[in-house]
Structure formats: structure tokens, C-alpha cells
Asker: 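Dropping a structure here in C-alpha cells format, bear with me for questions.
A note on names: the letters A, B, ... follow the listed sequences, proteins ahead of strands, and every chain is numbered from 1. Only heavy atoms go into these numbers, but all of them, side chains included; no hydrogens, no water, no symmetry mates.
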Amino acid sequence: MIEKGQISSLQIEFMMVPTIIATGILSIPSIAGKYAQHDMWMTPIVGSLIGFITVYITWKLYQLYPKLTPIQYSEIILGKAVGKIFSLFLVSFYIHNTGLIIRQYTDFITGNVMFETPGVFFSISIMFVSALAVRGGIEVIARTAVICTTLYLITSLSLLLLIKDIDVTYMLPIFENGLLPVIKGGFVHTAWFSEFFLLSFLFPFVNSKNTGLKSGMKASLYVMLILLYVNFFVLTLLADSSANQFYPVYSIVGAISVLGFFENFEAIITASWILGNYVKVSVFLYVASLGLAQLLRLSDYRSIVFPLSLLLIFFSYWDIPNIVILADYMTKIQPFYFVFVQTILPLFLLLIALARLKRSESS
Amino acid sequence: MIRIRRLPLKKKPKKQKAQQQTSSQEIPLSKKLTENIHLFSSLYQDSSDVIFRSFVVGKIDATIIYIEGLSDTHKLDEQVLDTLLKNEFKEIDFLISIKNRLPISNIETISTFSECVNAISAGNPVLLLDGFEEALSLGLVKFEKRSIEEPQAETSIRGPREGFTESLGVNTSLLRRIIKDPALKMKAVHVGKYTKTKVMIAYIEGLIDRTLIEEIENRLNRIHIDGVLESGYIEQFIEDSPYSPFPQLLYTERPDVASANLLEGRAILIIEGTPFSLIAPVSFFSLFQSQEDYYERFWIGTFIRSLRFLFVVISLFLPSIYVAITTFHQEMVPTDLLLSIASSREGVPFPAIVEAIMMEIAFEALREAGIRLPKQVGSAVSIVGALVIGQAAVQAGIVSAPMIIVVSITGIASFMAPRYSIGLSIRLLRFPIIFLAGFLGLIGVMLALIMIIIHLSTLRSFGVPYLSPISTLQKPSMKDTLIRSPLWKMNLRPHLTGEFNAVRQGTNLKPVPKNGDE
Amino acid sequence: MKKSLLFLMCFCFMPTLTGCMDRVEMKDLAIIMAAGIDRLEDGQIRISVQIFIPRAITSGETGEDLSQGPIFVREGIGDNLANAVSMLQTNVPRRLFWGQCKIYIFGNELAKGGIRKEIDYLTRHPGPRGKSFLYVSEGKARGILTLVPPLERFSGTALRKLTEDEYGTKTTLKDVDMGLMGESESVSIPYIKKLESKESARKSHETIPVIDGTAIFKKDRMVGTLNIKETRGLLWLKDKVKRSTISIKADDADGEITLTPTLGKVKFIPEITEGHWIMNLNINIEGDIVQNETHLNLMNEVVLMKVKKKYEVALKERVTGTVEKLQQEYAADVVNFARRFHQKYPKEWRKVEDRWDEKFQEVKFKINVNATIRRPGYIGPPAALPKDEVIE
């Protein structure tokens, strides 16, 4: 086995939560607001369904093939040739996706905090830092995730300081246009929730065999609750204008004021968000490099981390000229594409695997 | 699970050592006294402090060899020479009868030159007798040593006042006086080609992981250097990641701290010639524990400990955050504060980052000068520093006043760490973070933080993850990291070091007043 | 070893790379304290900004001219706000820094012509914050900026402090953005003017701007103003009553009793019955008596009840006056009653959504004030009055 490290199922929760919300928290409230208007606060509940389903599929696959990652068991399930093609597709999906995450991160920083510094500095620096962690192995990622996630989520409590400014009536009327807008808004979330398929790369390294499902489900639940919490504040502070802004969370954070003296928390929130984003990038980078190494049957994935990082930076600038295209991609393509790759395809894998199992049992 | 990365044993030095030993040391003593004397005098040539005292016992020639100042000559005269010269001894079992008659508690029979040399250097006079292949080493060590004093580097208001001294025997005895159970073991290893420093590995049998002791022994045996003058020499040869700026072993000069660590399943390396003993393995959070956390009420311990973490963060990041905010994120500062900073920075010729680095270096220099200089001069340095930097520089408009405030807060904060070694690491790390802050603002500071966390996560101290138990999420052990929970709640020994005998104390120890007693 | 040396060298050269990027030293910043936006006669936009002079408040410096204050005003003119700002930048040797600017004043002319383009610039530009306060000034906004307040350091600070104490309707950039986008498409912004200084020792510009009512915006155009009294009524509707007074006349006594309303709470209960749109306003308000000109003994419960009734009537009059003016004269729903209807009657709302202006004028208001007098002050009976003259 390439990876010798072991992590605990609790650490998985710490890893998965920022992996989903780090970029989601930026754009989900805005996109969900576009579809669901003042019902957008409940959209995460709808979206999280895909999360729970994906976790369950992933878990079932893990139970059939413990100690194997999708790259390895897809060959067993689909046969050598088709399995290789599937793996290649999956790995390139994650490579492309990691590039997008880097791009989102860079766009956010150059658009909000550092306007004149070339974005490539931020791409390279976060990539470098994540690559350092990935080279340390899964244990290092897990340990850093525990600390970074804790700090990241603690700062999200600062939204509570806005509680005196909120106007709950903005949530009314509930279900004005029926359930459809909520489902539409929820569907936007599925792109992020389907990322729970990443768990299939992490489950093989969990030290206890039975707690994985629970921690995956818990992580999905936490993500949902955090998004609910954030959406609630965005809605009650910005009302419908949340849909107009690219980063509504960022703009409500600007309204925080403690004792009339400590204001303008944006930079601090951005700083702590970097911690969350680091966890996200390193988990994705880990999965991409582990997957690639297993696909190429390398003896060690560590040697390809840095070259792969370089490739990812190129990917992050490839084909996305500006944030408008990026937002469009996130609304119109990403939900279908992500759910297809990370939920539907694994479901087929599981069904084929179960069918094969049955056939071998009967014969 | 402790997974110790074994350091590779170097093969070359071992061979050399073996050759040397066969050449002169491992030779057995000769039967003839003159031959032995000849060899010894050639060995101790030009060493005028080595005394050869020849005399006759019964009809047998004898010589006592000792080093002046290391042995108790008074006792040698009264107890050894007196007995030997005045009494008759049986011819048969001559050696044994001498051994039996000498009024000394610690007599050993030794038979090789190397053993003789070791005994002599340790301060034990060696009695050589003609016609015997064995010699007697007489336990009459006596040399000048410091008395037990209050530890200088780790003072405390409440707690024992005695500290380790330079003498190994005193130090082990201090430990034995605290931990009386025979399960306290002390294994000796000699390190250093010339100093032959004795290193004691102290541990409690049954609490400690055996593989840890083996690994410590292996790592100690690997050391092949001329001499060990301080525990730092040992530390740098046995730590897991030599390039890391963070200390991976703790040192202490307090027997109570050492005992506490022994009781938690760690090993103590007591090194001859220094009052500082090493503790292995340690975690990052143990660097912020002080003995008094446990002696005072747990509220106070928790409060002080969280204060320490806060100030360590301040001392690590404050100058860089100042640089980041004043050069990148001016909108973050409250308006009135920004205006005051702006007006005080108005005349300053340097960019903020240059100013910060300049002042930090000046502060480090002042501190270093204050430590190394004699006390009388030291105060002069601090006066000059305070006057010149604190006042004149600001008035002249070379440095801005807020920068002075930042530097001094940082300085005070860096003294908050109870372990000097972590303070040193933080002082060092501050500079690269200032650079990053000057480059990418708060984002640079954040990247630095992430890199530090990653580095700490990769570190292990003798197989124990450096950031455990927080980042490995061992809930029972977390009671004694960021907070200090009540003693009656810490029922389990720390994870990884104490897990072989996890239960530390009985349950339900919380003091409960009896009902009805009024 | 070589590797780490290279790394170290890169590290040391990093700060030298930063010259062209976001790094800007404090002494290269022109900190803007307040900005005023005017439309000139020829249709061009002029932006005037108050810029802080750091040298002026350095401690220990003497000979500072107090009448100048630590600020100066610069302006830029262009055919739109963005161009005006870039012109302004060419007139200032340091980089303009908007991060601390919390005051934006629109000139009267501009406000009447529409502020949408300017709001768009302010919300799109990363510098100005959503929490900045907006004002409309009597006359040109520039006139307000050049004032030097005797108490505060900048006129902007004086204005901000006045607003934060809620003398006027506090309106932020975010509120305007949300208000113009919301159901009612109307918004109110405090209307300010220069306070005429009566002190002969001070020059005419040594005074502060004060809030003199509220500018009512429909869509993005100012349609009119409310005076101070009507503004109070508006404040009560917005749950913001602080530091204002209201006087009532007792039936059977000379003089007035003055109360200061504290703690108010408004409940909006929209109602649609048989096609009639009714808005029930239940106002719960408390009050402290601050002055008693009459001879009434306020410790008397009966008297207090009477005062209470009067107080309720007076409050109702105020609020009704405000609502009527908004409804009939301006047809601008700045309190956003529309949202209440929308929330309760989404279906009916959709029918009138596009013609809310007209519908708003048809809405009936039922105002119901419930006042409580919390305490009559430190004393019960009128002060400095012989006992026999007190009317029980």
C-alpha cells in the first residue's frame, strides 16, 4: 500500500467539513438566493440529501472492498480496461476540480482583499503549502485539519455578533412560489455535497472499520447545519439583494461591529477562511495525487505531488477567463457534472459490484 | 500507537571504537605488579595529579592509584592504609580477606585495565596487588560539588525548592527520594570518547513502553563524539527532526517535574555534569505546562495556561500582524486608531517592515546583551536600550511609537512561555513571518501559520506525534493541554506515553463533604 | 544545504518584490474621511473629499491653526462618478484610501436627478463599505465638507456621531441598495444642512452640519423632504425613538407637559378585507416626563391617566401626519409597508406588485397607540411651586 498512515474517524469529520464548505460558503448563498429568494435558507436541507446518499454509496463500496480506493476497485468491478478508463476519468476529474478550487480561492482574494497583487502568487502559495502537507501523508493532513478546522469554525461564530441587526421577517412568506424554487436552490448545493465521494479515498485509512459511515453522515449533517446557519444570516441581513452579490457572506461580515470600535472583520474572516480552504485544497490534492499514483502504479505518491501541483496551477487558469464564467459554470454545469461523476457513477459501480457478487454466490 | 522511526545505526564509528578498545583498554591485568604499574604510569604520563602510592601488605607489594581531589584521602589514610599496614592477612584467599577486612561499603573486584581507568577517573582509588590478576576499586569518591539549591531556570512560588545539581549521584538520589518504589529503574550509558559522561535513563517499569527505552539506548549508543558537556549535546544527537526549530525534548532541573513525567510514563535522561535532565518523549503542549499549574487550583492553572497560549500567539504574530495591517489592510484598524498611527508614522523614513525587523533585532540584541553580560553591566545595557530606543528614536522620528509598543508587547509575551526553549523557537520564527506579512499581508501571516501547523504535525518526539493529543483527538488526554482539569478528573495517564498502564488513579476521587456534618 | 540556502535567499528577496503590489505604506495614503457628490450645472459630477493630514495631529507640535482642522478638501470633476474619482486621484499626491470613509453626502441637485449610478459605483467599488452612512445635503455637498466643527476633528465625525445617536434616520449604503431593490422601491436618507453659528468669535465655517429632516427617495430620485417633526414620526415607525421630546397640552391647566419617548415597539399588521388594503399600526411606546409646566401633580393616578391619553393622541397625530405626507404627497413607501403585505398576502401582492405606488395611496392606515408613562422623573408634584397652588 502506498499510504501507511492511519487516521481516526473523528479526524475524517474535521477533514470533510471544510472540504465541502470552504468554497461552498462563498457562492452557495448567492446562487441559492437567485433561485429560492427568501426561501433560500432551507435549501441546504434539500441539497444535503445528495450528501447522505453519496456517503452511503461510498460506504457500501468501502464495505465490499475495504483497504481499496476507487482507482483500485473500479478495475476489479469493471474489468481491467474499462476500470482503467474510469479511473483515468475520475483522476482527471479531481485534477480539474482542484484547479477550479484554486481558481475560486485566487479570485476571491484578488477580488476582495488584495486587488493589485497578481493572483498567481496566491495560487502558488496555497498550492505550495498544501503540497507540503500532502507530502507529509494523510496523517499530517488529518492533524492539521483538526487545528485549522477548529480555528476556521470558531471565527464563523463571529456572525453571531450580527444577531441584533437581523430581521427575521425577511424569511417571510415561506414557500411563496411553492417548493420548486427551494428544490432548484437545493440542487445548487448538490455539487458540493456530492464531493463526499472523496471519502472513498479516505475510508481505507481509517483505523476502525465500523465508524466510517457514522462520521461521514455526521460530517454531511454538520455541513448542512453550517450552511443553514450562514444562509440564515445572509438572508435576514441582505434579504433578496444577496443574490446580487458574488460573495454575500463577505459583505455581511463587513457589518460586524463590536462596541463600535472593532469593525471591518473582513480581513480576519478571510484569513481564517484561508485555513479552511487550505484543508480543502490539501484533501483534493491528496486524492488527486494518490489516485494518479495508483493509476500509474507508482510505488510512492509523494514524488508526483509537486509536479502535479504545477499542473493544477495551469488548470486553474485554463478555460476560465473571469468570475462571471466561473459563476455560470457553478450554477449550470457543476451540479449536473459533479453529481454525475461523484454520485451516479459510484452508484453504478456499486450496482455492478453487487450484481457480480450475487452471480458469484449463486454459481 | 507509538511508531518510532529508528535512526539508522552508523557502522563506521563502531568499528573504530572496537579497534581502539582492543588496542589498549581491554587487556586484562597482569599478575606482576611492576608490569601493571608500568602500564599505568605510561597511561598517566605527564599527569601529575595521578598519585601512585606503593607499600607492602604482609609480604606482598601493593600500589594504590588515585587522582588527587577526586578521592577522599582522609578516609584512604585512616580506613585503607591503616587497616592494610597494621593487620595480618591470610595467604590463602588473600584478596578476599582484604576485601572483607576493609571498612569500606563499596568495594569492587575488577580485572581489566579499562575498568581500572574508569574507576580511577570516577574517583575510586584502585588497589593493585602483586601476584593477582584482579584489583580492588575502593569506593572513596569525594570531590567538590555544589550543594542542592533552588533551581535558577525554573523558579516557582509554590513547590519544592530543591533542584538538580551537576552531580549525577545527587540527582538520582533526589529522584529516588521522591519515587520510592523499586520500579524506578536507572540504566547507565556512557557517552563521549574523552569525557565518558555517564547518562542515566530513568523510567518506571510497568509504565513505560519497553521499545521506547530500547530506542533511547540505541540512539545514545549511536553517539560517538569527543565529549558531552551539557544535556544539549545529547538532545541534538537523539532528536527525531534535527532541522526543526522546535525542541523535541524537554529539559528540567526540577526533581518534581522529572518525577511527574516519570509517573506519566516518560523517560528521564540524567546527565552527569549538568543540572539539566532531559525528558522524552514530549508533545508541543507540554512545553506550555508548568509545575505550578498542578500545584495551584485548577481554575488558576487553566487561566494561566490559556494566558500563556494567548501570549505565545501574540509574541509569534503581533509584529507581523502590525506590519500586515499597516501596509495592506488599513481599513481594518478603527478610524481613530488609524489616524493616530498614521500621524505617528508620518515622519518615519523606513517602510513598516524594515522598521519592524530593525526594532525586533534591536530588541533581541538588547536581551542577549543583558543575559551574557555581568549583572552590573547588564543593567546599564537595559538603561541605554530603554533610553536610546524607547525615547530618543521616537523623538527623533526614526521609529514610530506604535512600533515600540508592538515590540515591547512582543518582548513581554515571549517571556510568558514557561520553557525557555520554546521561547527561543518563537523568537526565531518571528522573523520569517514578518517577511511573509510584508509580502502578502494577512494572507502571508496565515500561510505562515499553516506552514507552522504542518511542520508541527509532521514532527514526532520518539514516535509520539508532536501535536498529540489535540490533533490526534485523544479526548481523555485533552484534559491537560489547553486547559488543566481538576486532578481528580485526570484518571488516565496521557495517551501514547502512559497507555501501557492507563489508569492513573481511582475513580470518584472528587472530594465530597459528608452529608450531615455541619 | 545548498537547497536551504537558495530558499533563504528567495525569502530575503521577497520584500523587494512587493513594491508594485498591494503594499502601501501609511505615509503614502490619503485617508478620506468623508466624501460629497454633487451634480454641477453643466451636468458633470463633482466629488469632493475630506482628506486627513497626519502631520496636523502629531503630538507636541505647536502653532497649529485650529480653525483649519487636520483636514483639507479636494475635488475631482468628470462626466460620471468614476471619472470624477480618477480625476480626483490626479489632484492628490498620495493614493486615495476609501477604507475609512463612512460618510457620503449627495448634493440636493444630484439627489433630485437620481442617485442610482452613484450608488452602483459605491457598491461595486471595493473601497466604500456597506456600512457607510449616506446623506442628502441642502445645497451643494461640498459646502458641508468644508465646515470645521469646534468639537470634533472633522465635520464627518460630527455627522456620524449625530447619526449614530439616531437623531435622524440612519441610512447606510446597504439600506439604500436593499431598499431600492425591495418591494417598495423607496428609501429615506437623512437630510442635512449647515448649522448657522451664532457665536461672533467664530468664523462662519466653524460649525457643524446637522440633520434637518429626511429626504424621501422614490425609485432613485428625491421627491421631497420631511421636516424634523415628521421625521420623528418616521423614526417611531422604524422602531427608533431616542432623545426626542413630545409636548402635550393638558385640558384643565396652563402650560404643557413634555415627555421623552423611550422604548418603542411598532407592530405592523396588514389586512386585506374585501379588496380594502388596511395597515394596522400598533405602536407601543413608553415615555418619561421631563418637564411639567402645569400645576398638575403628576403623582396623582388620575392625572397621570389623563396625561397618558393625551400623550397617545399626540403620538398618533405625529405618526398620522408622517404617514399621510408619505402616502398622499410623495406616494413613497419608505417604511416598506409593501414588504408586510407581501409577507402576509403573497398572492394579492403579486397582483399589485407593478403598481404599488398607486396602491399605496389607497391603503388605509389604522394607527393605534398604546403609551405607558414609565416614571414622572425625579419629582412628582411640580417643582418650585407652593403647595396650595398644586392642582391635585
Side-chain angles (χ1 to χ4, degrees), chain A residues 4-11 13-14 105 109 113-117 121-122 125-126 128-137 139-151 207 254 257-275 277-279 281-282, chain B residues 1 3 5 241 244 283-285 309 313 317 320-321 324-338 436-460 463-475 478 481-482 495:
Chain A
K4 292 189 189 69
Q6 288 211 318
I7 52 178
S8 72
S9 50
L10 199 56
Q11 280 175 327
E13 290 168 34
F14 277 92
Y105 164 84
I109 292 197
V113 194
M114 311 282 264
F115 303 97
E116 287 164 44
T117 313
F121 276 105
F122 304 109
S125 58
I126 191 87
F128 174 73
V129 167
S130 305
L132 278 185
V134 172
R135 278 178 66 90
E139 284 189 344
V140 169
I141 299 175
R143 281 185 216 141
T144 51
V146 170
I147 293 175
C148 293
T149 309
T150 314
L151 293 176
N207 52 15
S257 153
V258 185
L259 303 173
F261 182 76
F262 298 103
E263 288 180 333
N264 310 337
F265 276 37
E266 294 102 312
I268 294 175
I269 297 291
T270 313
S272 91
W273 172 77
I274 291 172
L275 291 175
N277 206 65
Y278 147 75
V279 176
V281 174
S282 46
Chain B
M1 174 179 38
R3 262 180 293 119
R5 267 180 292 169
S241 308
S244 169
S283 84
F284 182 66
F285 299 98
F309 279 103
V313 170
F317 290 113
S320 35
I321 287 177
I325 286 180
T326 53
T327 51
F328 287 93
H329 317 282
Q330 289 93 350
E331 71 278 355
M332 264 182 72
V333 192
T335 311
D336 292 339
L337 187 60
L338 181 81
L436 268 174
F439 178 50
L440 288 175
L442 269 187
I443 291 154
V445 177
M446 245 33 221
L447 290 173
L449 173 68
I450 295 174
M451 279 198 267
I452 290 174
I453 294 175
I454 292 175
H455 175 70
L456 288 174
S457 302
T458 44
L459 279 185
R460 279 172 179 272
V464 173
Y466 204 50
L467 280 182
S468 67
I470 294 284
S471 67
T472 48
L473 294 167
Q474 308 298 337
K475 272 184 209 152
M478 277 199 243
T481 45
L482 299 176
H495 179 69

Asker: Given a strict heavy-atom distance threshold of 4.5 Å, which part of B/Leu449 is in contact with chain A: side chain, backbone, both, or neither?
Answerer: side chain

Asker: Give, for atom OG of A/Ser125 and atom CE of B/Met446, the distance between the pair rounded to the nearest 0.5 Å.
Answerer: 13.0 Å

Asker: Looking only at heavy atoms, which two atoms of A/Thr144 and B/Ile454 are closest? And how far apart?
Answerer: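 Here A/Thr144 and B/Ile454 meet closest at CG2-CA, 3.5 Å.
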
Asker: How long is the gap from CD1 on A/Ile268 to CE on B/Met332, to the nearest 0.5 Å?
Answerer: 3.5 Å

Asker: So which part of A/Ile109 gets closer than 4.5 Å to some heavy atom of chain B, the side chain, the backbone, both or neither?
Answerer: side chain

Asker: Counting heavy-atom pairs under 4.5 Å to chain A, which of B/Ile443, B/Leu447, B/Leu467 comes out on top?
Answerer: B/Ile443

Asker: Return the set of residues passing ring pair (Phe, Tyr, Trp, His ring centres under 6.0 Å) with A/Tyr105 (not counting sequence neighbours), or none when no residue passes.
Answerer: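 Residues passing ring pair (Phe, Tyr, Trp, His ring centres under 6.0 Å) with A/Tyr105: A/Trp273.
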
Asker: What distance do B/His329 atom NE2 and A/Thr270 atom OG1 have between them, rounded to the nearest 0.5 Å?
Answerer: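 It is 8.5 Å, given to the nearest 0.5 Å.
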
Asker: Measuring heavy-atom distances to chain B, does A/Ile147 have an atom under 4.5 Å in its side chain, in its backbone, in both, or in neither?
Answerer: side chain

Asker: Side-chain contact, heavy-atom cut-off 4.5 Å: A/Phe122 with B/Leu440?
Answerer: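 The answer is yes; the side chains approach within 4.5 Å.
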
Asker: Grab the two heavy atoms, one from B/Thr458 and one from A/Gly136, that are nearest each other, plus how far apart they are.
Answerer: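 Nearest heavy atoms, B/Thr458 then A/Gly136: CG2-CA, 4.3 Å.
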
Asker: Working to the nearest 0.5 Å, report the span between OG of B/Ser468 and CZ of A/Arg143.
Answerer: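 Here the rounded value is 8.0 Å.
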
Asker: Among B/Leu337, B/Ile450, B/Asp336, which has the most heavy-atom pairs under 4.5 Å with chain A?
Answerer: B/Ile450

Asker: Apply ring pair (Phe, Tyr, Trp, His ring centres under 6.0 Å) to B/Tyr466 and list each qualifying residue two or more places apart in sequence or on a separate chain.
Answerer: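 With neighbours one apart ignored, the set is B/Phe284.
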
